[in-house]
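These notes concern the structure reproduced below.
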Amino acid sequence: MIKITLPDGSVRDYESGTSSMQIALSISEGLARNVLAAKVNDEVWDASRPITNDSRLQLLTWNDALGKKTLWHSSAHLMAEALESLYPGIKFWVGPPLENGFYYDVDLNGQVLTPADFEKIEQKMLELAKQNNVYVRKEISKKEAISYFSEKGDEYKLDLLERLEDGNITLYSQGNFTDLCRGPHIPNTGFIKAAKILNIAGAYWKGDEKNKMLTRVYGITFPKDKELKEYLTLLEEAKKRDHRKLGKELELFTFSEKVGMGLPLWLPKGAMLRERLINFMQKAQTKAGYVPVVTPHIAQKELYVCSGHYEKYGKDSFQPIKTPQEGEEFFLKPMNCPHHCEIYKSSPKSYKDLPMRYAEFGTVYRYEQHGELHGLTRVRGFTQDDAHLFCRPDQVKEEFCKVIDLVLHVFNALDFKDYTAQISLRDPENASKYIGSDENWKLAEQAIIESAAEKGLRTVVELGEAAFYGPKLDFMVKDALGRKWQLGTIQVDYNLPERFELEYTGSDNQKHRPVMIHRAPFGSLERFIAVLIEHCGGNFPLWLTPDQFAILPISERFNEYAKKVLDELTAMDLRGFIDDRNEKIGKKIRDQEIGKLPFMLIVGEKEEAEQKVSLRARGKGDIGSFSTGDFVKYVQQMIESDFNQKLNA
RNA sequence: GCCGAAGUAGCUCAGCUGGUAGAGCAGCUGAUUUGUAAUCAGCUGGUCGGGGGUUCGAGUCCCUUCUUCGGCUCCA
């Protein structure tokens with residue numbers, strides 16, 4: 001007999017060799033019908049796998065993240081089976097589950113898949129799913145596995161096998177498809193009731209651009225058709241929040257083929273929104289002891305040779321600007337740090353001067369690869385809310401912590417809650433990619449890890465994600481469609497001070513090298529605004545929103561009174577406009593609601609007589625009669641309480 | 001840069017197997033002077049992304065190029 005401990009703490013006795021499915025059945029038939037897999041101790045197992053030792057058991061259903069993962073992993077196999085039967089001779093690489101769905105990388109052998117084929121694949125998947133084929137697990141020796149896949153002529157699976165250890169190799173089969181797979185899988189294909197192929201894309205084999213490009217087929221499945229429909233609706237809703245769509249609709253920014261790809265043009269409303277964000281940041285930075293600096297958009301090649309950026313990125317950047325002077329070359333600045341180093345060097349520094357905190361909203365230009373450009377999130381010209389801190393080694397951690405505070409201040413103010421703090425460290429196996437000494441790297445990495453821990457950040461450590469000059473702490477946020485973007489970034493740099501021979505005089509009257517911290521809480525205004533738009537679906541907080549109100553005269557007869565109201569409100573620092581089109585009030589309301597205006601002030605005969613306005617809030621309808629003064633107070637209070645709420649959250 | 005898809009009026013889109021472009025919204029003009037999510041009528045507006053080719057004839061077929069979209073790679 002073995003003892004099985006369930007999540008509620010209860011312990012039950014079973015025969016050794018009982019499977020989780022049998023245990024589920026012993027609890028209730030309904031539960032057993034929904035069991036997709038089981039967590040046995042800390043491993044996820046097939047529900048049919050016999051348990052032979054005392055164990056903790058958690059039955060996994062569709063309601064568990066791991067249950068979903070298992071279903072999607074099994075669905076990848078099902079899709080592979082469907083693909084193999086539709087396109088004989090294709091070969092498979094890997095097919096993992098994702099946060100939403102799964103994919104499989106396949107070598108189509110020259111055949112091409114298009115969206116027109118999706119339905120056919122979905123049909124086939126459902127047809128196979130209906131057969132209730134069992135996912136059969138089989139442990140085999142490495143030798144057997146090699147001979148099986150050699151016979152099949154499957155070089156991809158053979159490549160996978162090379163890295164697997166004997167005694168640890170399993171095959172999974174369902175229907176006519178057998179795959180090298182660690183598992184686990186759902187009991188049988190019958191659990192999959194709805195399938196959708198989402199899209200196809202090229203993906204380099206093993207993620208290396210020197211390798212062959214495979215076809216990656218993305219799909220998603222559900223145990224109920226209704227859930228698929230709900231998911232597709234959700235996707236549609238998410239697309240409505242896409243910043244590229246809203247940016248156009250709300251007249252925030254645009255692109256022009258003539259100006260060039262990846263070079264955003266900010267329209268008046270977007271430009272003013274930017275200014276508000278800049279003011280917000282400047283206020284916070286001034287409080288935190290930053291001083292402003294301004295540097296030019298170009299610099300001589302020598303600056304970047306000195307910084308090391310030329311060597312690293314010179315060929316892949318915008319190419320040099322030549323001058324009439326023979327041999328003279330300037331580069332568009334791809335980052336502000338070298339300029340700031342030169343500012344630091346402009347006068348001798350004492351240990352008493354440190355830390356120095358130079359801040360600049362610096363516009364930089366980077367020649368991003370064509371296929372990488374993406375709305376405002378990846379562009380070729382953008383403005384960083386950049387600052388560089390120069391401090392003594394003993395000040396690094398304190399400064400780092402203060403920067404984390406600043407980033408969190410920004411995120412809180414804008415209600416960004418769903419972020420992860422990513423600590424990006426060096427890839428120890430590829431040290432040549434980075435500049436700087438081992439010792440300095442270790443110091444910097446240590447400083448980041450400690451500060452993040454001290455601030456209680458929920459962190460993820462990524463090896464190999466560091467910048468070439470130093471490790472970093474990045475704040476990652478997801479867009480409407482779940483893509484991850486880096487916003488705020490803090491980077492410790494022991495390298496540039498070395499290269500620029502930055503110094504300060506210590507209390508010992510000796511020269512010392514300062515440590516540099518790069519940081520940008522927004523990251524870039526472009527990307528930040530993109531994510532902000534998707535985050536709030538275009539309904540910006542009141543302090544940021546382009547127009548806070550529109551005045552809607554009932555008829556042209558009240559345009560003059562509307563003008564008077566507008567003048568009063570403008571004088572009291574609110575921003576808005578008069579919708580004096582020759583339209584009925586219902587039409588004006590509808591248009592302003594669609595335009596996401598927070599407030600509508602309706603003025604007609606009654607309002608003019610009372611010297612008031614009828615106030616209408618977005619999505620809420622009529623909220624009463626206000627004088628202009630009361631309305632201003634109302635708005636100011638809303639902004640304040642909103643801020644207090646968020647910043648104290 | 002790589003794989004795949006798409007580009008028709010300011011915006012959203014229609015245009016079957018080739019027969020020389022169409023709607024709604026927006027805009028303009030006029031009528032209406034309006035009370036809480038679309039007043040009516042008229043008009044303007046497109047070298048169908050660019051270039052080349054096939055054809056008597058190309059938005060439609062072919063080639064090429066640019067841009068955009070979904071991914072991959074990259075992201076100082």
Side-chain angles (χ1 to χ4, degrees), chain A residues 103 105 108 112-116 198-218 239 242 244-245 248-249 251 254-258 260-262 304 307-314 316-317 333-338 364 366-375 377-380 382 384 435 465-470 472 474 481 483 485-486 489 491 493 495-496 518 523-524 527 552-559 581-595 600 602-607 614-623:
Chain A
Y103 70 76
D105 279 348
L108 288 169
V112 177
L113 269 184
T114 72
L198 295 169
N199 50 49
I200 38 170
Y204 297 110
W205 182 41
K206 293 187 186 179
D208 188 335
E209 63 182 327
K210 289 186 205 82
N211 286 342
K212 181 172 184 177
M213 187 156 260
L214 304 176
T215 304
R216 180 166 295 180
V217 187
Y218 288 86
K239 278 184 190 152
D242 191 312
R244 291 165 297 190
K245 182 175 154 68
K248 195 185 271 180
E249 285 171 10
E251 298 172 346
T254 189
F255 288 90
S256 142
E257 282 190 27
K258 273 213 185 68
M261 60 168 124
Y304 303 109
S307 71
H309 290 105
Y310 179 78
E311 191 195 354
K312 191 86 184 166
Y313 295 103
D316 302 316
S317 296
K333 79 171 165 189
M335 81 292 299
N336 306 297
C337 8
V364 297
R366 298 179 184 174
Y367 189 76
E368 304 291 3
Q369 289 188 67
H370 184 170
E372 250 315 318
L373 299 173
H374 183 100
T377 49
R378 197 75 186 276
V379 285
R380 284 182 167 172
F382 57 95
Q384 298 176 306
I435 57 178
E465 289 293 310
F468 76 93
Y469 54 74
K472 43 183 191 164
D474 292 328
L481 289 169
R483 290 175 288 225
W485 297 98
Q486 173 213 308
T489 177
Q491 314 178 357
D493 186 345
N495 290 308
L496 278 187
H518 311 244
S524 85
R527 183 177 290 175
L552 316 184
I554 293 287
S555 83
E556 283 173 4
R557 290 193 286 133
F558 309 105
N559 282 355
R581 293 173 303 163
N582 182 4
E583 295 287 353
K584 287 170 104 168
I585 195 70
K587 167 77 165 165
K588 293 185 187 182
I589 288 169
R590 177 183 155 79
D591 286 351
Q592 301 311 338
E593 285 278 351
I594 289 170
M600 282 166 256
I602 294 163
V603 295
E605 194 163 355
K606 194 177 80 193
E607 288 76 10
S614 286
L615 187 58
R616 205 191 140 92
R618 171 177 60 203
K620 294 201 187 80
D622 197 342
I623 56 171

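The model shown is predicted, which means the values in this text are computed figures rather than measured ones. So you know, we letter chains A, B, ... as the sequences are listed, proteins then strands, and number each from 1.
Counting non-hydrogen atoms under 4.0 angstrom, A:R618 reaches nothing in the nucleic acid. When heavy atoms are screened at a 4.0 angstrom cut-off, A:G375 is found touching the sugar-phosphate backbone but no base atom. Within 4.0 Å of A:K620, counting heavy atoms only, lies no atom of the nucleic acid at all. A:K606 comes within 4.0 angstrom of a nucleotide base, judged by non-hydrogen atoms across all strands. Among the heavy atoms of the strands, none lies under 4.0 Å from A:Y103. In this structure, A:G207 reaches the sugar-phosphate backbone alone: every heavy-atom distance under 4.0 Å involves primed, P, OP1 or OP2 atoms, never a base. Nucleic acid contact for A:H374: sugar-phosphate only, since backbone atoms but no base atoms lie under 4.0 Å from a heavy atom of the residue. Across all strands, A:E583 comes closer than 4.0 Å to base atoms (heavy-atom distances). Residue contacts shown for A:Q384 are absent, as no nucleic acid heavy atom lies under 4.0 Å away. Looking at heavy-atom distances under 4.0 Å, A:R216 makes contact with sugar-phosphate atoms alone, never a base.
Base pairing of B:C2: its partner is B:G71, meeting the Watson-Crick or G-U wobble criterion (both donor-acceptor distances under 3.5 Å). Both distances falling under 3.5 Å, in either a Watson-Crick or a G-U wobble arrangement, occur for no nucleotide opposite B:A37. Under the Watson-Crick and G-U wobble criteria, each requiring two contacts below 3.5 Å, nucleotide B:U60 is left unpaired. Base pairing analysis places B:G7 opposite B:C66; the two distances defining the Watson-Crick or G-U wobble pair are each below 3.5 Å. For B:A23, the paired base is B:U12 (Watson-Crick or G-U wobble, both distances below 3.5 Å). Taking a pair to require two hydrogen-bonding distances under 3.5 Å in either a Watson-Crick or a G-U wobble arrangement, B:G18 remains unpaired.
The base of B:C74 sits within donor-acceptor range of the side chain of A:R378, with an N or O pair under 3.5 Å.
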For nucleotides 3-6 of chain B, give me every protein contact, N/O to N/O, under 3.5 Å, one pair per line with atom names.
from : atom 1 : to     : atom 2 : distance (Å)
B:C3 : O2     : A:G202 : N      : 3.0

Protein-nucleotides 45-51 of chain B N/O pairs closer than 3.5 Å?
none

Please tabulate, one pair per line, each protein N/O and nucleotide N/O from nucleotides 29-33 of chain B that are separated by under 3.5 Å, including the distance.
from  : atom 1 : to     : atom 2 : distance (Å)
B:A31 : N6     : A:N582 : ND2    : 3.4
B:U32 : N3     : A:N582 : OD1    : 3.3
B:U32 : N3     : A:N582 : ND2    : 2.9
B:U32 : O4     : A:N582 : ND2    : 2.1
B:U33 : O2'    : A:R557 : NE     : 3.4
B:U33 : O2     : A:S555 : OG     : 3.4
B:U33 : O2     : A:E556 : N      : 3.1
B:U33 : N3     : A:E556 : OE1    : 3.4
B:U33 : O4     : A:E556 : OE1    : 2.9

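If you take atom P in B:C2 and the same atom in B:G24, they sit 43 Å apart, rounded to whole Å.
Looking at which nucleotide of RNA chain B each of A:G586 and A:L481 is closest to, the 5′-most match is held by A:G586. Nucleotides of RNA chain B nearest to A:V603 and A:R581 differ in position, and the one nearer the 5' end is that of A:R581.
The closest donor-acceptor contact from the side chain of A:R216 to the backbone of A:D105 lies at 3.5 Å or more, if one exists at all.
Among B:A37, B:G70, B:A76, the nucleotide with an atom closest to any side-chain atom of A:R483 is B:G70.
Counting to the nearest Å, the P atom of B:G35 and the NZ atom of A:K584 are 7 Å from each other.
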